[in-house]
Structure formats: structure tokens, C-alpha cells
Protein chains: 2
Amino acid sequence: MKRARKAKRSYGSWATGKDVAEAAKVSLITVSRAFSMPERLAPETLKRVQKVAEDLGYIPNAVAGELSSRRSKVVAVVVPTLSNSNFARTIEGLVARLNKDGYELLLSSSAFSPDREAEIVATLLERRPDGIVLIGNDHSPKLEKMVTAIGIPVVELWALNGPILDMAVGFSDFDAMRSMTCHVLDQGRKYVGYVDFHTPGIRRYEERRNGFIAAVQANGCPDQLIFSSAAQKDYESGRLGLAALLEREPRLDAIIGCTDIHAAGAIFECARRGIHVPSVMSVAGFGDFEIAASIEPALTTIRSPAFEMGCHAASMLMAKIHGEDVSAKPKDVGFEIVLRDSVAPHASAA
Amino acid sequence: MKRARKAKRSYGSWATGKDVAEAAKVSLITVSRAFSMPERLAPETLKRVQKVAEDLGYIPNAVAGELSSRRSKVVAVVVPTLSNSNFARTIEGLVARLNKDGYELLLSSSAFSPDREAEIVATLLERRPDGIVLIGNDHSPKLEKMVTAIGIPVVELWALNGPILDMAVGFSDFDAMRSMTCHVLDQGRKYVGYVDFHTPGIRRYEERRNGFIAAVQANGCPDQLIFSSAAQKDYESGRLGLAALLEREPRLDAIIGCTDIHAAGAIFECARRGIHVPSVMSVAGFGDFEIAASIEPALTTIRSPAFEMGCHAASMLMAKIHGEDVSAKPKDVGFEIVLRDSVAPHASAA
DNA sequence: TTGTAAGCGTTATCAG
DNA sequence: CTGATAACGCTTACAA
């Protein structure tokens with residue numbers, strides 16, 4: 001068990017392909033092939049190289065490989081935040097699918113700032129990723145110019161409507177929220193409030209709000225019962241929303257959150273005030289976060305396949321990277337209304 | 001605005017430093033310096049190079065830079081899951097601090113499997129990260145051998161007790177849970193249950209459980225009221241825990257979750273059963289997740305500085321990478337009991 | 001302040 | 001099936 005290592009100025013000491021080649025009495029390229037196309041080596045040669053590599057603790061240097069082959073097997077991902085279990089699930093889907101093909105994930109978060117997002121992408125591009133994954137389609141012009149000029153494959157997630165840079169996977173936030181609102185109205189609710197997202201101007205949240213507005217307008221209900229707070233804490237936002245809307249319209253009999261977290265906050269506030277959910281106040285959410293199934297009462301919400309979205313995105317990237325034709329049409333993964341206990345007819349109507 | 005680009009077989013078309021050098025009538029190394037040590041160029045030269053680089057849309061190739069300099073400015077991170085807001089926060093702390101120094105983050109998740117973790121690290125090492133961040137200190141021997149052989153800086157997070165590979169940041173889960181349990185007992189609770197984590201054998205959860213046991217034993221209370229379910233859904237686990245423990249010990253008057261999510265699940269189940277919290281049943285959590293402050297009643301819990309842990313980890317890595325001496329002693333970031341409404345004396349005692 | 005030359009550790013290409 | 005050689009695009013080391 002000899003160790004042939006070089007001491008360099010950097011941390012660590014790595015055996016190189018050359019070290020392995022010498023010890024195994026083959027050429028450098030044979031070592032390379034032992035790792036990239038083992039089936040094309042004579043079984044004995046392969047075995048010998050593998051043995052030597054193992055003994056030397058050889059770990060191929062992918063950096064050199066990238067430079068030489070111009071394929072990095074890395075995908076860059078920028079999310080607005082990691083503290084959103086939907087994005088977290090989506091990233092796990094991405095990782096799972098990408099790892100299967102030997103791809104890795106370079107991650108950063110933008111705190112919902114398009115400018116920061118563009119900066120981050122610019123930096124990540126220095127590492128020559130084979131593809132890029134972004135959330136939503138609210139990007140700075142700088143970013144759009146950059147990625148289109150370079151022609152790198154890009155997938156936008158949670159973004160079906162609006163302009164697409166390259167590829168997209170998502171569902172219609174508008175349709176989903178309109179459906180949900182209609183469901184609430186169908187239960188006989190008349191004064192339906194809406195708790196909006198804290199950061200204005202994000203298309204998918206505007207879609208949701210517009211879906212809500214479209215539904216209440218079509219039913220001749222008031223369309224002004226919309227609350228939004230600058231508080232970044234979503235539960236808190238839900239609590240405040242319920243309080244504020246109730247003050248504005250005492251007859252409020254339902255409230256819809258732009259996410260489950262906002263809805264859960266509203267339920268908590270109802271519990272504190274002794275307002276019964278769902279008979280007096282119906283509450284609906286969006287996202288089917290883990291809490292939705294467990295909160296008391298269980299939350300009626302919209303489910304969208306977050307994990308699968310990540311998988312899809314990865315597949316589309318893989319396809320495009322491998323030169324396949326990928327449909328320019330955004331992939332609609334759909335949504336589903338999950339009926340639970342937080343939305344119901346009025347107690348009197350029951 | 002000329003564009004000197006090369007069309008290669010790969011996606012995209014990138015200008016190289018050589019392109020810039022020629023267009024700016026300087027040598028290649030001057031272009032390199034314009035980006036790495038701009039202050040050491042004549043202002044005019046610098047300006048000229050920058051202008052040309054801008055015009056050509058030049059984005060330096062960090063891959064080539066890494067190979068040449070043997071510094072990747074990349075840190076590899078492996079987490080058990082991203083769907084834990086504490087880890088998510090920690091990663092955000094990491095990203096924030098690392099980005100400040102121009103470092104990027106290569107991320108993967110292990111699904112709580114030490115073997116998978118080792119595999120992932122092996123793969124990530126091919127990209128020659130300058131450092132590694134792991135969660136906890138439950139690793140496979142293979143992983144330990146690998147990183148110690150290579151001598152790469154490693155930080156373990158959420159891990160204060162137990163063997164340390166290199167550096168560690170955390171707090172004492174044992175002390176924290178013992179303190180919390182004592183607090184509950186101090187309120188006059190006698191039959192205190194505990195909802196354990198779904199994956200057995202993870203040291204920090206064992207520490208927590210042992211802290212709980214130590215406290216109840218010291219108080220002469222039953223130490224067998226521990227529930228654990230294989231359900232990966234933590235809220236659900238909390239619900240089931242309350243139900244099961246109540247069946248086992250009808251006098252159960254308090255329940256502690258190994259995380260806030262488990263505790264919240266227990267609160268939801270109490271709500272469903274009409275058991276008043278906190279007067280009849282006191283509930284405590286661990287982690288101060290976002291829900292803790294908002295749930296009704298607000299949850300008494302342990303707060304640990306998750307974001308700061310990420311920052312600390314990054315700082316330690318930076319220090320070690322830059323050759324500074326880093327204390328071998330794990331960094332204790334401490335914890336704090338957050339008193340809210342879910343723990344109180346019995347109604348009769350109040 | 002700027003430049004020249006020599007790698008870094010792989011893979012692509014072309015030969016045998 | 002195996003090999004020699006030339007990139008890949010940058011940085012280090014040493015000169016001028």
C-alpha cells in the first residue's frame with residue numbers, strides 16, 4: 001500500500017492520473033478511460049488501474065476535466081429564499097434527478113431581489129455551469145441579456161405565465177387561485193378576504209391575487225378585501241391580515257392566504273379570538289405545505305407538485321444539454337384542490 | 001462594438017482572456033491582473049482592458065483559474081434534508097458569509113443516510129472544494145477516512161458533542177433539552193411525554209432525548225413516556241405521539257417535542273380533542289421555527305442561532321483556508337429558552 | 001508597470 | 001484495445 005503523493009502549497013495532497021498511470025504501467029489516457037468508459041478497456045487492464053487508483057486514493061480532478069471537455073456537469077440554481085418548503089422540495093427534486101446523471105448543483109439565494117439575482121448569475125457563470133435554474137420570471141434585464149447572449153440552457157420554475165427565457169415548468173397560479181376562490185364562494189361565503197405576499201411585483205403572486213379578484217368579481221362580491229403587510233414573517237402576516245380585514249369588514253366570513261403559511265396564521269388568530277373555523281370563518285391556503293394536513297382544522301389548499309417540478313426541470317436541462325429538442329412551450333404540471341376541513345358552509349346553513 | 005467569439009461544439013460562445021488581450025493590445029497576464037489585482041495596473045491600462053472586456057462580454061473562466069491556482073473558491077455542503085427550516089437558515093447564513101468572500105456553495109442532500117453522505121462527498125471532492133460543511137457528526141468511517149486523508153478543512157454543524165473531524169459549531173442539545181424539561185417540571189408537571197425523531201441513531205437527537213431523560217429521572221418522574229414513529233412527517237408524528245402517550249398514561253400533563261414541528265403537531269391534536277393548552281396539557285418544542293411564535297398558543301421552545309451558525313462555519317473555513325490557526329475546540333454558540341404560552345402550571349394551581 | 005514561459009490535470013484527436 | 005500529443009484558459013514565477 002504505497003502512497004505516491006505530492007506536497008503542494010495548497011491544502012491536501014492529491015494523487016493525479018499520471019501517478020496512477022505510472023504505478024499501473026499504462027498511459028495517462030488509459031487511466032482517464034478507466035473512469036469515463038471502463039467498458040472499452042481490457043478487463044485486466046481495467047482491474048489493474050482500478051486497484052492502483054484505489055491504493056493511491058486517487059480522486060479524479062473534475063476541474064481539469066471540465067476545462068478540457070468544456071462540460072462542467074454543474075447546474076447553477078438561484079432561489080429567492082431557502083426558507084420556503086416548496087422551493088426546498090423543488091431543489092430536492094432537482095438534486096435527486098441531477099445526481100442520477102452525475103451532475104452537481106451550485107446554489108445561491110437572492111432574497112427576492114432581481115438585481116442580486118443578476119449579480120449572482122454573473123458570478124456563477126464564471127464557473128461555466130451547463131445549465132441554469134431560476135425561480136419565477138421576474139428578472140432584471142441585465143440577467144436576461146446575459147443568459148440569452150451566452151445561449152446557456154435556462155429553466156424557470158414556478159412560472160407558467162409571462163415571458164420565458166428558454167424553458168419553463170410551472171402551473172397557472174391564476175387558474176389555481178381562481179378555482180380556490182370559487183370553491184370558497186360555492187360554500188356560500190360572501191365576504192372573502194385575501195392575504196397577499198409581502199414582496200410586491202412578483203408575477204406568480206400577482207397572478208394569484210388576480211385569480212382571486214376575478215373570482216370574487218364574477219360573483220358580485222367585494223374585491224377590495226385584500227391585505228398585504230411588509231412583515232416578512234408569513235404566519236404573522238396571516239394573523240395581521242385576519243385582524244385588519246375583520247376591522248375593515250366585520251361581516252368577513254372567509255379568508256384566503258397566498259400561501260398556506262399565511263392561511264395558518266389566520267387560523268391561529270381565529271383560535272386566539274375564539275372565532276370558529278370553518279363554520280364562522282372559512283380559511284383556505286395555497287401550496288399544501290406540510291402544516292396544511294396537520295393544523296387544526298386541516299387546511300383546504302392548492303397542491304402543486306414541487307418535488308416533481310424539480311425533477312422535470314432537471315430532465316429538461318439534461319435533454320437540452322445532450323442536444324435534444326426541447327419543446328419551447330412551458331411545461332404545465334397542473335395543480336389540485338385539496339379539500340380538507342377549513343372551508344365549509346356557514347354553521348346556520350349546515 | 002465588435003464581438004470576437006469562437007464557435008465551439010459546446011453550448012454558448014465565450015470570449016477568452018486572450019481575445020480581450022488582443023483587442024486591448026496588452027498581454028494575457030494583464031487581462032488576468034485587471035480582474036484579480038486591478039490596483040496594480042496603470043489606471044489607463046486598466047480602463048482600456050475593462051472597456052474591451054465589457055464590449056466582448058468577457059466572463060472570466062473560473063474553471064481554468066481553479067486548475068491553475070489550485071484554489072476553487074467553492075465549499076461543498078451536504079445536509080440531511082433541505083426541508084428543515086433550521087438547516088435552510090444555516091445554509092442561508094453560509095451563503096451570505098461565503099459570497100462576501102467570493103466563494104460559492106456546492107450543495108447536495110443525503111436523506112439522513114451516512115452512506116449516501118459519504119458517496120456524495122466522494123463525488124463532490126472531484127470538484128476540489130476548498131472546504132466541506134456537514135451537518136451533525138454521524139458519519140460513515142469511509143467519509144472520515146477520506147477527508148482526514150486529504151486534509152481538507154471540514155466544519156460540522158449542529159454538533160458539539162461527540163468526535164470532531166476538524167472543526168465544529170453547535171451547542172449542547174443535551175443541556176438544552178434538559179433545561180427545557182426542567183422548566184416544564186418546575187411548572188408542576190409530573191407526567192411528561194417526549195416525541196422523538198423518526199430517524200434513530202442521530203447523535204443530536206439522542207442527546208436531546210438523554211437530556212429529557214436525565215431531567216425527569218432527577219425529578220423522580222417516569223422516564224418511559226417516549227414516543228417515536230417511523231412517520232417521516234413531523235407534524236403527524238407529533239399528533240400520533242400525543243395520542244399514543246395519552247393512551248399509555250392518561251395522567252399525561254405535558255409533552256415535549258424533539259422539534260417545534262413535533263410540538264406543533266401535538267398542539268393540533270390537543271385542539272382537535274378539546275384538551276386545553278397549556279392549563280391541562282403543557283407543550284414545549286425545540287428550534288424556534290417560524291411557526292413557534294405564531295401558533296395558538298405560542299410555543300415555548302429552545303432557540304439556537306441557526307443563521308449565525310452558518311456564518312460562523314463560513315468564517316472558520318475562511319480562516320483555515322487562509323492558513324490561520326483555528327481553535328480545535330468546537331465553537332459553542334449556545335441556546336436560549338424562549339418562554340411563550342404553551343407551558344404553564346396546572347389550571348388548578350394557577 | 002508589464003511581459004514571457006511553463007505549467008495545472010484532464011480529454012479530444014488522430015495513430016497504431 | 002492502447003497510446004502520443006496537443007489543447008482547454010487561466011495563474012505562478014521570474015524577468016525586464
Side-chain angles (χ1 to χ4, degrees), chain A residues 4-22 24-49 53 56 58-74 102 125-128 130, chain B residues 4-49 53 56 58-73 102 125-128 130:
Chain A
R5 294 259 172 86
K6 300 174 180 178
K8 293 277 165 52
R9 47 194 160 296
S10 67
Y11 271 97
S13 46
W14 304 83
T16 70
K18 204 172 145 200
D19 297 334
V20 176
E22 283 165 7
K25 298 194 197 307
V26 292
S27 73
L28 174 55
I29 190 69
T30 300
V31 176
S32 171
R33 287 201 262 252
F35 286 85
S36 57
M37 23 215 274
E39 70 283 358
R40 289 179 51 177
L41 289 191
E44 288 178 20
T45 316
L46 177 60
K47 204 170 291 177
R48 183 154 38 98
V49 172
L56 295 182
Y58 171 62
I59 298 180
N61 185 329
V63 177
E66 288 172 33
L67 182 59
S68 179
S69 66
R70 268 142 299 187
R71 282 180 302 98
S72 64
K73 291 210 158 204
V74 163
L125 281 175
E126 298 186 4
R127 306 213 126 81
R128 300 298 189 264
D130 290 338
Chain B
R5 293 256 173 87
K6 301 174 179 180
K8 291 279 165 52
R9 48 194 158 295
S10 68
Y11 271 97
S13 47
W14 304 82
T16 70
K18 203 172 147 202
D19 297 334
V20 176
E22 284 166 6
K25 297 194 198 308
V26 293
S27 73
L28 174 56
I29 188 66
T30 300
V31 176
S32 171
R33 287 200 263 255
F35 286 84
S36 57
M37 23 212 276
E39 69 284 359
R40 290 180 50 179
L41 289 190
E44 289 177 19
T45 316
L46 177 60
K47 202 168 291 176
R48 184 155 38 97
V49 172
L56 294 183
Y58 172 61
I59 298 181
N61 186 329
V63 177
E66 288 171 34
L67 181 59
S68 177
S69 66
R70 269 142 298 189
R71 281 180 302 97
S72 64
K73 291 210 157 200
L125 281 175
E126 298 186 3
R127 304 213 128 80
R128 300 296 189 264
D130 290 338

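Since we're looking at a predicted model, the values are computed, not measured. Residue numbering restarts at 1 for every chain, and letters A, B, ... go by the order of the sequence lines.
- Ranked by how close their nearest DNA chain C nucleotide is to the 5' end, B:Arg128 and B:Ile29 are led by B:Ile29.
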task = Mind running side chain to side chain contact (heavy atoms under 4.5 Å, CB included) on A:Val26 and A:Arg48 for me, showing each step along the way?
result = CA-CA 10 Å; A:Val26 292; A:Arg48 183 154 38 98; 3.9 Å; yes

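- Here OG1 of B:Thr16 is found 9.0 Å from CG of B:Leu56. Values are rounded to the nearest 0.5 Å.
- When distances run from any side-chain atom of B:Arg33 to the nucleotides D:dG9, C:dT10, C:dG3, the shortest one goes to C:dG3.
- D:dA7 atom P lies 17 Å from atom CG of A:Leu28, rounded to whole Å.
- Smallest separation of non-hydrogen atoms from B:Val49 and B:Thr30: CG2-CG2, 4.5 Å.
- For the OP1/OP2 pair of C:dG3 and a distance below 4.0 Å, the side-chain nitrogens and oxygens of B:Ser27 include at least one atom meeting the criterion.
- Taking a 4.0 Å limit (strictly below) on heavy-atom distances, residues 37-49 of chain A reaches DNA chain D at A:Leu41, A:Ala42, A:Thr45.
- One interatomic measurement links the two molecules: OH of A:Tyr58 to P of C:dT10, which rounds to 3 Å at whole-angstrom precision.
- No more than 12 heavy-atom neighbours from other residues, nucleotides or ligands sit within 6.0 angstrom of CD on B:Glu44.
- Going from atom CG of B:Leu67 over to atom P of C:dG7 covers 14 Å, rounded to whole Å.
- When side chains are defined from C-beta on, B:Glu126 does not count as touching A:Asn61, because their heavy atoms never get closer than 4.5 Å.
- With a 4.5 Å cut-off on side-chain heavy atoms, B:Ile29 and B:Ser32 count as touching.
- Each of C:dG9, C:dA12, D:dT11 was ranked by its minimum atom distance to the side chain of A:Ser69; first place goes to C:dA12.
- Distance from the side chain of A:Thr16 is smallest for C:dG9 among the nucleotides C:dG9, D:dT12, C:dA12.
- B:Trp14 has its CH2 atom 11 Å from the P atom of D:dC10, to the nearest Å.
- The separation between B:Arg70 atom CZ and C:dG7 atom P is 12 Å, rounded to whole Å.
- One atom, CG of A:Asn61, and another, P of C:dC8, lie 12 Å apart when rounded to the nearest Å.
- Straight-line distance from the NZ atom of B:Lys73 to the P atom of D:dC10: 16 Å, rounded to whole Å.
- With hydrogens and angles left out, the side chain of A:Ser68 and the base of C:dG9 share no donor-acceptor pair within 3.5 Å.
- Residues A:Val74 and A:Arg127 fail the side-chain proximity criterion, which asks for heavy atoms closer than 4.5 Å.
- At least one side-chain nitrogen or oxygen of A:Thr30 sits closer than 4.0 Å to the OP1 or OP2 atom of D:dG3.
- Counting to the nearest Å, the P atom of C:dT10 and the CZ atom of B:Arg127 are 13 Å from each other.
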